Amino acid sequence: MPEGHTIHRLARDHVRDLAREPLQVSSPQGRAVETARALDGRSFAKIDAYGKHLLYRFEDDLTLHVHLGLFGRFRRQHTPPEEPKGEKRLRMIGERWTVDLSGAVACTLIDPEEEAALLSRLGPDPLRRDADTERFVAALRKRRIPIGAAIMDQKVVAGIGNVFRAEALHVNGIDPRLPARELGDERAMVLWGTMAKMLADGVRERRIVTIRGADDKPVSAGRATKGEGPRARADRVRHRTVHVYRREHCHDCDAPVVRSTMASRTVYECPVCQPEGSAGPSPTPSLAEGEAAGRLF
DNA sequence: AGGGTATGGTAAT
DNA sequence: TTACCCTACCCTC
């Protein structure tokens, strides 16, 4: 589930549902007992989201750091909650809502020093007002690694994951293997604007939707087509809101989507929309101004 | 029942 | 680059 949009959405939801009220905090599986004990009975006033990291600001200057990793997940239910099922690392019971955390990579208290170290490892987050776009452009300028690897690096831009990588590069016609430094500042600004808009849309929609007017209510899509295997059908049904990610064919031109591996993650690209060595078409002057990110949403 | 896969990241090699 | 972390889900047998 989690790329940056999921994290920022969780921050908003948890503030709405749990902030400013005493919480019963526990660790049903006993894997975060100390953390739970320290927080039990306290309340948090706000949550800061940076890239894929959540920082819950509890009373007495206690900060809870949560990182979902690949498997982490929050579930919500009405208070009083049912007995925990499956792995539940942390449970926060509020007056109206109860939230359970499972599978997270990080769920610990961090002190200011650790927080500073964490934030120093993160680049600008397009979902934050204080994001420094120039840092992103400057980071690309000096990297020879493929652009597809660069935007997955949280120090270059915080919050992008495998889906947004595929979609943001595709819509801009960029070959994932193009060296980052060869993209150029103007195209880098446009790419930033794309990522910012996709992430913001993701927060609003609560899911990744990169196709204008996309509506993934299955109509005839749920029925298997003759000669179509179950995997292909599942991909089509579940992933029709994106252009190339985990699709068999490009949404725009229907060419077969090519899969490859970069840093042990699958890269999805359309060889027609994103020709080898392509940095995309020339940016239009208005977009190249660099104000695109602020205007698009 | 068991295998494959997943929107992530770190540490070891 | 590879191993690992070790949850949930979907599929096949």
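In what follows, chains are A, B, ... by sequence order, proteins preceding strands, each numbered from 1. Every value quoted in this text rests on a predicted model; they were computed, and no experiment measured them. Heavy-atom basis, side chains included; hydrogens, waters and symmetry copies ignored.
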Nucleotide of B:dA6, B:dT10, B:dG8 approaching A:Asn162 most closely (side-chain heavy atoms) = B:dG8
Would a 4.5 Å heavy-atom cut-off, applied to side chains only, mark A:Arg247 and A:Val244 as touching?
-> no
Rounded to the Å, how far apart are A:Leu90 CG and C:dT7 P?
-> 16 Å
Quick one: is the NZ or CZ of A:Arg246 closer than 6.0 Å to the six-membered ring centre of A:Tyr268, and within 45° of its axis?
-> no
Ignoring the backbone of A:Pro2, work out which of C:dT7, B:dT7, B:dG9 is nearest its side chain.
-> B:dT7
Nearest-angstrom distance, P atom, B:dA1 to C:dC6 | 24 Å
Counting heavy atoms from C-beta on, name the nucleotide in B:dG8, B:dT10, B:dA6 closest to the side chain of A:Glu3.
-> B:dG8
From OH of A:Tyr245 across to C1' of B:dA6 the rounded distance in Å is 6 Å
Distance from A:Arg73 atom CZ to A:Asp100 atom CG, nearest 0.5 Å?
-> 11.5 Å
Please state how far atom CG in A:Leu68 lies from atom C1' in B:dT7, giving the value in whole angstrom units.
-> 11 Å
May I ask you to say what A:Ile208 touches in the nucleic acid, namely base, sugar-phosphate or nothing, with a heavy-atom cut-off under 4.0 Å?
-> base
What about A:His5 and A:Phe164, are their ring centers closer than 6.0 Å?
-> yes
Contact under 4.0 Å: A:Arg265 side-chain N or O vs B:dG8 OP1/OP2 | yes
Whole Å only: how far is the CZ atom of A:Arg207 from the C1' atom of B:dT7?
-> 15 Å
Take the protein atom CZ of A:Arg73 and the nucleotide atom P of C:dC6, then report the distance between them rounded to whole Å.
-> 19 Å
Let me know the distance between CZ of A:Arg246 and P of B:dG4, rounded to the nearest Å.
-> 15 Å
Would one find a side-chain N or O of A:Arg31 under 4.0 angstrom from OP1 or OP2 of C:dC6?
-> yes
5'-most by nearest nucleotide on DNA chain C - A:Ser264 or A:Val105 | A:Ser264
Does any donor atom in the side chain of A:Thr63 or A:Arg57 lie under 3.5 Å from an acceptor atom in the other side chain?
-> yes
State which residues pass side-chain contact (heavy atoms from CB on, under 4.5 Å) with A:Pro84; sequence neighbours excluded, sorted by chain then number.
-> A:Pro28, A:Lys88, A:Arg91
Send over the distance from A:Phe71 CZ to B:dA6 C1', rounded to a whole Å.
-> 7 Å
Look at the side chain of A:His67 and decide which nucleotide, out of B:dG9, B:dT7, B:dT10, has an atom nearest to it.
-> B:dG9
Which stems does DNA chain C form, counting runs of 3 or more consecutive Watson-Crick or G-U wobble pairs with both distances under 3.5 Å?
-> B:1-6 with C:7-12, B:8-12 with C:1-5
Can A:Asp153 and A:Lys155 be counted as an ion pair, charged N to O under 4.0 angstrom?
-> no
Length of the line joining A:Gln154:CD and B:dG8:C1', which is rounded to integer Å | 8 Å
